[in-house]
Amino acid sequence: VKLLVLPLLPLLAALWMALTSRHGNRLVGRVVIVLAVIVLAVAVLMPAMRVEHLGVLLIENTAMQFDEIGRAALLLFGGLWLTAGLLLTRLPEPGPHPVAVLVAFSGILTLVLAEGSVLIYSGLLVTGYGLYAIMASEPDPQWRRAGRALIVVLVISDLLVFEVLLASASYPGVGLKPYLVVMLMIALILRSGLAPAHVWLPPALVATRTPAALLLVAVPPAAALLAGLRLLPADAEGMRIICLAIGLLGALWAVVVGLSQRSGRATLGYAVLASASVLLLALPASIAAGQELAWLILAMMTTAASAPVIALLHADRMRPLALTIMAVIHALAAIHTSQLATTALPGWAGWLAPLVAISATALLILAGLRSSNDHLREEPESDLWPIAILGVLGCTGLGFAWTMQAPTLAAFLMAPAGLAAGLILYRLLPGKQAPLIAPGDWLGLIERVGSLVIDRVQIVCGQFLPRWRDQFQTGLVGLWRGDFWSNWIERIDLRLQIWSATSVLLLATALGAAYLLM
Amino acid sequence: MITNAWLPVLILATSLVPGLIIFMLPERSVVLRTALNLGGAIVKLLLLVIMMLGVFNGVEYEFRLALVPGLDLVLRADALALMFVNLSAVLWLVTTIYAIGYLEDSPNRSRFFGYFSLCVTATVGLAMSGNLLTFLVFYEALTLTTYPLVVHRGTEIARKAGRVYLAYTLFGGALVLLGTIWLYSLTGTLEFVDRGFLDGLDISPGVLQVIFWLLILGVGVKAALVPMHVWLPQAMVAPAPVSALLHAVAVVKAGAFGIVRIMYDVFGIEFAADLGVTMPLAILAAVTIIYGSTRALFQDDLKRRLAFSTVSQVSYITLGVAIAGPIATIGGMVHLVHQGFMKITLFFCAGNFAETVGVHKVSELAGIGKRMPWTTAAFTVAAFGMIGVPPTAGFISKWYLGLGGLEVGQDWVVLVLAGSSLLNAAYFLPILRTAWFDPPPDKWPAERDFGRKETAWALLLPPLFTGIAALLFGLLASMPWTPLDWVQLIAARKYLP
């Protein structure tokens, strides 16, 4: 019951918010803060447990569990929503829709605590649509392009997860077949913001204010990777290849396009892509015992999410200091993740993982520095609390990961490389007015192809099908008109020439009746 | 037992008698008309509860009236019949409340409510038909009682839609009539029997296949199977309560229910599969599912979009039955109830948008969530149900249909479900996006003032009730006495020895 209460609390709060017509940012923020503190307290204080047969949603294997992965995840999401709540209390204009914020919170908590497959599916769905609604309640209309892309990838991903769950429920005890593993991987990649489904994230971050942006940065990749830890089988064939290919290509793409950006938020989108790629590379090595990766997800995602918050700090001294601290935590976590990834990678690819880790940190630094170019949307300066919370959680994640596997000297030596690379790149790259590649890169191409397909289908549905329908309908309605029949019989008469059609029809009727009576 | 024999007749009478009295009432007798409507609906529900308890415990309710030697008019309440009667009775009550609010101050209300009651009588009679003859009688009665409701507004468009409606449904009725006569001439019986009555008879399979298609295509007209669906979007000119009734309770569901009856109690599902007719029917249903969803995608008129959605969604029932497995049967039959609640919610909401602010088109719905949050919330729940998002009722249907398809090795069914869900999302999510997140216009096309309320209570409460039910049927599906629980009882009786 304790575990079931946790995701229900935000839902109850959402219901209350829906019932009250007026609610300012301050109230919404406070409600979110209270709920997030409860979640953090549970993460810190509650022992591991498992609840079976909840009897919700019909499925027999509905169960909830709270283990080390769940603890790390609760810290991550509790921290993110706490930070968002703190920022919301200071937002002067209407913030993200409170129901959306709370529903997404409920969804992510369900996902974290779910063991039964249907609950994980529900968690993924609710989180995805909740994040969409958070984005959609932003005043900047630019969110629409990103929103359209997000909703498409979410729906396709949901359907793939649904099919995988159906198949696994149909053949219990067999385990996931290889093609189902591939489908599940695709589904999780689609909703994680990993390449090639990253196109919505950079434009979304450009269009949203900080409370929404920090959730969009961290929640999709973390949710997808945690679901992967829960659902993917340890010995699945094909998983390593997919992780390797998507991880490496995604990181490469993130570096190429991320460097060509100008705004901090757009660069942050690509930095998140690179960071998520590092984590994806480590996924095959972590399936059997995922605690270490869960803590690393906590460290990397909290530090990535801190970038938009850092941009709100007072510029004099606090912003560079905070950026440096967060970048160091991120660099150490990324290198640690890459070392974890190396254990499952083929020998020839072993050196690539640290390179991806360094590039992720470099891009994050670049994003933080470029944020000074951003025209932030009249958001008030933030105090130190939000960034301190994210920093503490980042350190916690890194610390727990280190307790499971001690850091090597090489990690400490490689970590500064990412920081240095970011600083150098910031100095070297010219401050262009417009990015070489627009945020969202091939989103424009997808939109053009999509609209072409929709236009064609619309022509078929709007012109051809109604024409056929009218012809069919004319014939059918004509069946009840005498003149239609007389014309028809006349035409048969003309064609037969010898017999009158009336006689033929009478004969046919008589034969039919005789047959029935026999 | 006399009570057992007369209970089905009493259930019919609870809507037939008020309906006949209402015809004779003057327009101004609002209170009496309302009392008759609601009183009949409530008494029907009470009787239904008694019968459901009885059927659950194995009691048989049957009324038989000899028409000619060898041919009886039979009313029988088995578990399947009661599921449909229950759906009709509950939604009739809700729709009556809605219609009272919707038609306030409009002309010809006595005529409307009179036919409304007769329509429900025909539906309940069809549900409790104990043989094909009785089914045919009520099937045609349903056509004749719904026609005046379709043309209720009396406009030229309404009359044209009515003509199309009659042309299609009478054509379907003619096919059923032909199939029934042919079947009777071959077998000498038309009684519905669990697992059918044709297996083991010395009849050519080719003839039986022809009879099967005559019957199925005949009822398929009302079930809106492609290409016989054309009447349905055109019948949207009818008032919103009629649309709700046509789509969720009466006509379309009667067609789908007819398919279930013919498959299970005339042919028997195993025998139908042996005849080789189930797979083509499943394919026809799959085509209808995809076709309806695709057409819905490009409709700007909200009710037309919902109508094409019905074309698609009702074929889930046919698909579930045609797959021929116990789990798919559960999925198909439970969707009969779930779709009813979800679709009626959507039509109530569409009616509310039209009546309250004069919005009829999807493109005019921008910001309606701010003006009418409760109606839009109910619409949202029902739309998510149609897509199949957990924990709504639609998810349960799709889950069982998918599982059922995999159970019998028909993996393609899952692809059809996925494709349909994708299309459902494509035509419902933009509505939700524009309703909740786009800024509202400065002035609505035809806004009515309801004070502090978003609309009249009689218009608001029905969609809230059905929307909540659509949510709870999913969330609490595993509890006793839910639609899923009842359908599992039906499937057990149809499949287990």
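Chain identifiers are assigned alphabetically (A, B, ...) following the order of the sequence lines, protein sequences preceding nucleic acid strands; residue numbering begins at 1 within each chain.
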**Q** For Y291(B), is it the side chain, the backbone, both or neither that has a heavy atom under 4.5 Å from a heavy atom of chain A?
**A** side chain

**Q** Of the backbone (N, CA, C, O) and the side chain (C-beta and beyond), which part of L422(B) lies under 4.5 Å from a heavy atom of chain A, both, or neither?
**A** both

**Q** How close do A149(A) and W200(A) get, counting heavy atoms only, and between which atoms?
**A** CB-CB, 3.9 Å

**Q** For W374(B), is it the side chain, the backbone, both or neither that has a heavy atom under 4.5 Å from a heavy atom of chain A?
**A** side chain

**Q** For L432(B), which atoms come within 4.5 Å of any heavy atom of chain A: side chain, backbone, both, or neither?
**A** neither

**Q** Where on I387(B) is there a heavy atom nearer than 4.5 Å to chain A: the side chain, the backbone, both, or neither?
**A** neither

**Q** If you look at every heavy atom in G123(A) and T110(A), which pair is closest and at what distance?
**A** CA-CB, 4.1 Å

**Q** Is it the side chain or the backbone of R144(A) that comes within 4.5 Å of chain B heavy atoms, both, or neither?
**A** side chain

**Q** What part of L166(A) gets within 4.5 angstrom of chain B, counting heavy atoms only: side chain, backbone, both, or neither?
**A** both

**Q** Ignoring hydrogens and angles, state whether a donor on the side chain of S137(A) or W143(A) is under 3.5 Å from an acceptor on the partner side chain.
**A** no

**Q** Check the orientation of Y132(A) and F437(B). Use parallel for under 30°, tilted for 30 to 60°, and perpendicular for over 60°.
**A** perpendicular

**Q** Classify the ring geometry between F395(B) and Y121(A) as parallel (under 30°), tilted (30 to 60°) or perpendicular (over 60°).
**A** tilted

**Q** Is A425(B) in contact with chain A via its backbone, its side chain, both, or neither, using a 4.5 Å heavy-atom distance?
**A** side chain

**Q** For the candidates I151(A), I156(A), V457(A), V152(A), which exhibits the highest count of non-hydrogen atom pairs separated by less than 4.5 Å from chain B?
**A** V457(A)

**Q** If the threshold is 4.0 Å, N to carboxylate O, is there a salt bridge linking R230(A) and E115(A)?
**A** no

**Q** Can you give me the closest heavy-atom contact between L190(A) and A197(A), atom names plus distance?
**A** O-CB, 3.5 Å

**Q** For L165(A), is it the side chain, the backbone, both, or neither that has a heavy atom closer than 4.5 Å to a heavy atom of chain B?
**A** both

